[in-house]
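Both counts, for ligands and for their atoms, begin at 1 and track the order of listing. Quick caveat: nothing in here was measured; it's all calculated off a predicted structure.
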Amino acid sequence: MAKDFDTMEDSNRSGNLPLQAVSDPCRRVWLQGGLGAALAAAFGPMAAGLSGCATAGGDAGGGGPKLGFAPVPTSRADTVVVPDGYTAQAIAPWGEPVGVPGAMPAWRPDAGNSAADQALQLGMHHDGLHFYPLADGADGSRRGLLAMNHEYTDDGLLHSNGLADWSAEKVRKAQAAHGVSVVEVALGADGSTGWQLVRPSRHARRFTASTPFAVGGPAAGHALMRTAADPAGRTVLGTLNNCASGMTPWGTYLSGEENWAFYFNGPDKPDAHQARWGIRKTDYYRWHLHDERFDAGKHPNEPNRFGWVVEIDPLDPTSMPVKRTALGRAAHEGAWVATTRDNRAVVYSGEDARFEYIYKFVSRDRIAPGGGTLTKAQANATLLDHGTLYVARFDADGSGRWLPLVHGQGPLTAANGFADQGDVVIKARQASDLLGATKMDRPEWLAIDPKTREVFCTLTNNSSRGAPGQPGPDAANPRANNVMGQIIRWVDDGDFDGTSLRWTHLVLAGDPANARPEAQGTVRGDLFACPDGLAFDGRGVLWIQTDMSTSAMHQGELARVGNNQMLACDTATGEIRRFLTGPVGCEITGCAFTPDGRTMFINVQHPGESPSERSDAAQPTRFSTWPDGPGAARPRSATVVIRKRDGGLIGT
Ligand code: FEO
Ligand code: CA
Ligand code: CA
């Protein structure tokens, strides 16, 4: 999300102190001492961060064998730029009907579609996505489903006259433009027409801010989850601010509810729980004016029903989506699944807000194979409801601990406000404060390298780091006024369920031409800032996507970075090469591949976003006409399909 809710969300005033202040990012390397040798043995001779400072800003030269494309330069153009030999095709923009049989209202360029229309069309502000093959073998790379998030709305663009004449219908339309879409897509028979939506499709489906979700895990039925409309506390209407996505080994889709707090208008005097979660007076979305459940003064438990990872089965159009509370409540960016050697699921997640935390959940049970009358998704329908939740502490010596968020252990007792595990997961921030977890620089996406068993996490930026009254730099978050962000990497000791870890940095993002040393970074290759999206492809290339705020783009220390972009990283060498640049005002997010590795899907979110971060309804194309081009009525988020002209593997 470019809208700076992530930076407004700054509610961690706990006395949970950073372990060690380290003002020089390079010192982090030397502090590791003998750990460097251990990491080099584990990860290879160029273990990330071990060489970065010595070569800050340098060109990595010829590069490793994994990166076979010529890098693209930075760009401020209103278009998607990809390397020579590649094509980029926009499909599935906001407002296109998803393809529900018999219910496909056409997109109206004047934004004249009703709320009822919008509930049958792709939502706004595409974010995380995944591809689900619909056939085995080669055909599975030519037809499938895309599940994708719609993070938030720009009400200046969503309605013909923007915020004027605010009404219940406008609130309903905004709610319908949120959530998740499932669409069917296919590659044309001869490849010449590229990928297109398949409509109608029995799989086409929308999940919105009004769709019923079941509640699974320890918060189901909890007193803090009960409302007047749902006295059982087991069914929540809607999912909100769905940001990043993960796919489970049993074929379902995980979506993070990120900046949900800003949809609720808080009371005049928020209590301590509300304050810790950022519930305050706000009229940004204005839903509470026509939908009382978003008035947290009247319905104080309604916010407790958001901030969860939700699980959706895109392949079963009749399935009920579920909020998985055992994974903890947070401003969840997303959730990513690894598998232990004995076949249990480990779900990593982070919370994109300044000074918040990184979590992992280890399932109690093994992943079931499915079979007979049960799909694999059905066989694992409650797997994520039982297990152990942990929060991360990154120590200055390059080690770390996973601290159990388990009721009754350590300080997590009734005396401290945790009467049961439901309290622990609903108040995961407060519990993590008490355990002394490490306050991070806005954790965004994670990615797991299945070959090396390393876990990577983008820490997008934190300009409040080191500010008066705020936590100073620490080993894992080593820069004050961190406008550039970094990527941390670790290996859990033993297996993914290990309770200790060894960590270092893959890279500190930045521009070597900056005057301020802490903004120069340690990039080996092409400069970038504010890493956000992160995904491994089948060849082991790590794809990095950026999200500089529109309000900060092209200025100051970001002046040379251009528009938001996507880069590829060979994690063995640390080389980073720019692969794609996006249109004006967008962020690049979401990354999925067909099984054959020859088609890549990404999302372009909020092209043409105003530096004020809300469009002027009188001039919706002031900054961008992407993807429809000159003459377009308004810019639209869309999916971009990337292929090589010769049909080869992406990235080679
Ligand atoms: Fe929705 Fe943290 O990006
Ligand atoms: Ca972001
Ligand atoms: Ca993001």
In Asp352, the N, O or S atom nearest to atom 2 (Fe) of ligand 1 is which? OD2
Please state the angle at the Ca ion (ligand 2) spanned by OE2 of Glu444 and OD2 of Asp547: what is it, rounded to 10 degrees? 160°
Taking atom types as modelled and ignoring hydrogens, do the side chains of Thr639 and Asn603 form a donor-acceptor contact shorter than 3.5 angstrom? yes
Cut-off 3.5 Å, side chains only: do Asp492 and Tyr348 have a donor facing an acceptor? yes
Of the N, O or S atoms in Glu444, the one nearest atom 2 (Fe) of ligand 1: OE1
Of the options Arg276, Arg442, Arg329, which is the one that meets Glu356 in a salt bridge (Lys or Arg N to Asp or Glu O under 4.0 Å)? Arg276
Could you confirm whether Asp532 has any N/O/S atom lying under 3.0 Å from the Ca ion (ligand 2)? yes
Interatomic spacing from NZ in Lys439 to CG in Asp433 - rounded to 0.5 Å: 6.5 Å
So among Phe579, Phe456, Phe536, which one has a ring-ring contact (aromatic ring centres under 6.0 Å, His included) with Trp543? Phe579
The Ca ion (ligand 2) contact by Asp352, N, O or S atom under 3.0 Å: no
Any N/O/S atom, side chain or main chain, of Glu151 closer to atom 1 (Fe) of ligand 1 than 2.8 Å? yes
Is atom 1 (Fe) of ligand 1 under 2.8 Å from any N, O or S atom of Glu333? no
Side chains of Tyr263 and His178, donor plus acceptor under 3.5 Å: yes
Out of the N/O/S atoms in Glu258, what is the name of the one closest to atom 1 (Fe) of ligand 1? OE1
